[in-house]
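In what follows, every heavy atom counts, from backbone to side chain, and hydrogens, waters and symmetry copies are set aside. Keep in mind that what you see is a predicted model, and the values were worked out from it rather than measured.
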Amino acid sequence: MATFLYRIGRWAFRRRRLVIGLWLGVLVLAGVAAAMAPAGQDEDLSMPGTESQKAFDLLDERFPQSNSQGAEARLVFQAPDGQRVTAMENKAAVENTLGSLDGGDQVASVTDPYETGAVSKDGTIAYSTITFTVDAVDLTGSTKSALEDAAGQARDAGLTVEIGGSVLDSEEAPGGTTEIIGVVVAAVVLVLALGSLVAAGLSLLTAFWGVAIGFGLVSGLAVPLGLTSTVAILALMLGLAVGIDYALFITSRFRDERAQGSEPEEAAGRAVGTAGSAVVFAGATVFIALVGLGVVGIPELTKMGMAGAGAVALAVLVALTLVPALFGFFGRRILSRAVRKAARPGGERPHPVPTAAGRPGLGTRWARFVLRRPVTVLLVAGLGLGAVAIPALSLELGLPGDESKSVETTQRRAYDLLSEGFGPGFNGPLTVVVDMSGSTDTRATTDRVAGTVREVDGVASVGDPVLNRNKDTAVLTAVPRTAPNSGETKDLVYAIRGAISGVEADTGAVILVTGTTALNIDISEAMSDALLPYLSVVIGLAVLLLMVVFRSVLVPVKAALGFLLSVGAAFGVVVAVFQWGWAADLVGIEQTGPVMSLMPILIIGIVFGLAMDYEVFLVSRMREAYVHGASPGEAIVSGFRHSGRVVAAAAIIMISVFTGFIGMNNPTIQTMGVGLASAVAFDAFVVRMAIAPAVLALLGRRAWWLPRILNRVLPNADIEGEALSRHVPASATRPDAAVPRLPVHRH
């Protein structure tokens, strides 16, 4: 591996114009694809194989006419205080408002609340359903403006009017203030870590290059693959974070090699051969974790995983080829000022920088502290993460709707008005689908189903059955007494499903319950069932991969267990913020509630991959020192001396990027931002820099033990680059500055 990547690094450095030209061509093609592709649209969440999804599929089959309808919106009217919406002047205002919409472009139908009975019992609130001929994404600006103008017309008449539904939603686009702040913080950290504006700019440039290509490809494939805006933003988030980190790691190693006196081309080859090997294996663990999300069986989650995995793979390719190519263009400006000053007058090659004889760096001092007190560090860090993870025991899952939006939005205010006028369960009705293909008496079957559902405690009302044209399928709407995401409504779904099982046995009908709450229950159960297989496959493959990297059994197992601590603490933060409301104002959360059902397993997949990133980056240097003769304790110190600062900078950068997405007006992205930022912080600074060295210190040489049979079977990745010594040209290094093996330090 190291030798192969070494050759790639040298080739990219020599053929830098060709490499940059090829990447420019890919960037242009991706941009053209994105510009020419039609806009994608958000799809409803689906879970094949579940009862709720079977009900949706049956509705699509038996009620095809309903699929021909486009988007829907609700105009919700509230009379002034002390008045009724049925009063003559208010009724006239409502009818005039709806009349201005009826017959408009893209408007299929407008219901009259006074004819359909869509008026609250106290007569203060009414609503009209507007159906359009096209989906929400295809609505023109003039159609949306006409809807808003109609609402304004009613407001001028003294009514309170809000617009419900998704017709006014806009696709969330990257580039907001918080994302820019996150990138600025990342840039500052890069400058401080590398001591060079050029080196920092190179890492940012290559990361943005890869992200632009990835975002263009996702945008271009949005329609044929059904990719949503959330998928695109996730790919951007991951691509930007790992792209900066991977470029930083290779750039840092290149600077180390140049500081030791290597020629530029040789330094580029060695950087890609050693640090590039770590990047490949780190990227592979992220890739496996994200692709493994397909095990769950949720199409949207699979798309997120594939898009994220593609973005990570692209970041690895950019780091291995484009980064060394740019080394050749920027030359000595990539080096820090101290190293440039050490260069001989008129020469390109810098002197090797001697090890400072003064006070050791922070990483070295911290590593020595852990070596002196490993048990104390392990207990404090472990118990601390355990305490942070306690809120995760109260994790509740749900599907976000208009209730999770800001109270500043008209959709949220419409939701609140409908809850006030028609009950909290009105916004989350349950749909009961009755397949009567095997029933002999359809009328008796539907009557019995309606009566059975109506008698279940917690049901506010049951609508009249609606039959399809063939009279073999009926649909009933049951309105709960409680809100969609409440525990009582979830219990109600179980109660209805239990009550109708007897009807199925007696009538031969197949009865299915669906709706937002039912779908949430089914998705949560399906993910719980898939979690263990997912973790088994992903962690098993990653542990095997890390065995190849580190030639050890205990180090990969320790890495996987540390990940569980990180993700548990991250879930604790997510619950505390999004359910309990702690520090919610700081991240712009106005409404607390259940965490989106997809979040736990999505965060687990992403965090596992990123956790292995830092494990590979940090421990690979320890392994390198140990292979070159250092004792276990000295290897730990050497790893922190060479990689501690870089890993810390990489973690801060990733945290900054993820935090930058918290400000987006999208509950899914906000949850991911908080969860991923906190998980990276816990994993990098607590698990990898405190718990990991403490465990390695306690294990000693046993940490690097590998059974003989595995030693013979597992391939040798040579991530330490030991084989590179046979590929160093005589002119690659100065005679007095040959690249040394890591020294063995005696304390």
Side-chain angles (χ1 to χ4, degrees), residues 2 249 252-253 255-257 259-261 270-271 273-275 277-278 281 352-378 381 546-547 549-559 562 614-648 684-706 711 716-725 737-747:
F249 200 63
S252 177
R253 189 59 182 254
R255 284 152 53 95
D256 287 347
E257 297 292 340
Q260 294 298 329
R270 282 184 169 275
T274 53
S277 296
F281 281 101
V353 178
T355 302
R359 187 182 182 189
L362 178 61
T364 301
R365 298 199 305 273
W366 170 252
R368 290 173 178 169
F369 171 81
V370 175
L371 288 175
R372 290 194 300 269
R373 299 176 178 84
V375 176
T376 302
V377 171
L378 183 59
L546 292 179
M547 282 186 187
V549 174
F550 298 129
R551 315 299 296 178
S552 165
V553 173
L554 296 179
V555 170
V557 172
K558 179 266 307 173
Y614 298 118
E615 181 76 11
V616 172
F617 290 163
L618 189 59
V619 180
S620 62
R621 274 300 185 107
M622 298 179 189
R623 170 72 183 173
E624 185 175 347
Y626 182 77
V627 167
H628 290 160
S631 68
E634 292 161 353
I636 294 173
V637 174
S638 180
F640 273 88
R641 179 186 301 116
H642 290 95
S643 293
R645 184 179 182 183
V646 176
V647 169
F685 294 108
V686 181
V687 173
R688 306 305 155 189
M689 292 193 175
I691 293 178
V695 172
L696 292 176
L698 293 173
L699 291 174
R701 294 187 182 277
R702 288 169 295 181
W704 308 107
W705 169 77
L706 186 69
N711 192 41
N716 186 4
D718 188 26
I719 197 171
E720 304 85 17
E722 192 164 6
L724 294 183
S725 58
V739 178
R741 288 188 174 186
L742 289 176
V744 178
H745 300 281
R746 301 296 178 191
H747 304 293

Are [X] and [Y] close enough that some pair of their side-chain heavy atoms sits under 4.5 Å apart?
X	Y	answer
Val377	Phe369	yes
Ile636	Val370	no
Val555	Glu615	yes
Phe640	Arg621	no

For residues 694-706, which side-chain donor-acceptor pairs fall under 3.5 Å, sequence neighbours excluded?
unit_1: Arg701; atom_1: NH1; unit_2: Tyr626; atom_2: OH; d: 3.4
unit_1: Arg702; atom_1: NE; unit_2: Leu699; atom_2: O; d: 3.1
unit_1: Arg702; atom_1: NH2; unit_2: Leu698; atom_2: O; d: 3.3

What distance separates [X] [atom1] from [Y] [atom2], expressed to the nearest 0.5 Å?
X	Y	atom1	atom2	value
Arg270	Asp256	CZ	CG	12.5 Å
Thr364	His642	OG1	NE2	8.5 Å
Met547	Leu554	CE	CG	8.5 Å
Arg641	Arg365	CZ	CZ	12.5 Å

Grab the two heavy atoms, one from [X] and one from [Y], that are nearest each other, plus how far apart they are.
X	Y	value
Met622	Gly639	CG-CA, 3.8 Å
Ala690	Ala381	CB-CB, 4.3 Å
Val647	Tyr614	CG1-CD2, 3.7 Å

Any side-chain to backbone donor/acceptor pair from [X] onto [Y]? Under 3.5 Å, distance only.
X	Y	result
Trp366	Gly644	no
Arg688	Ala559	yes
Ser638	Glu634	no
Arg551	Asn711	yes

* Can you name the ring pair (Phe, Tyr, Trp, His ring centres under 6.0 Å) partners of Phe617, sequence neighbours left out? -> Phe249
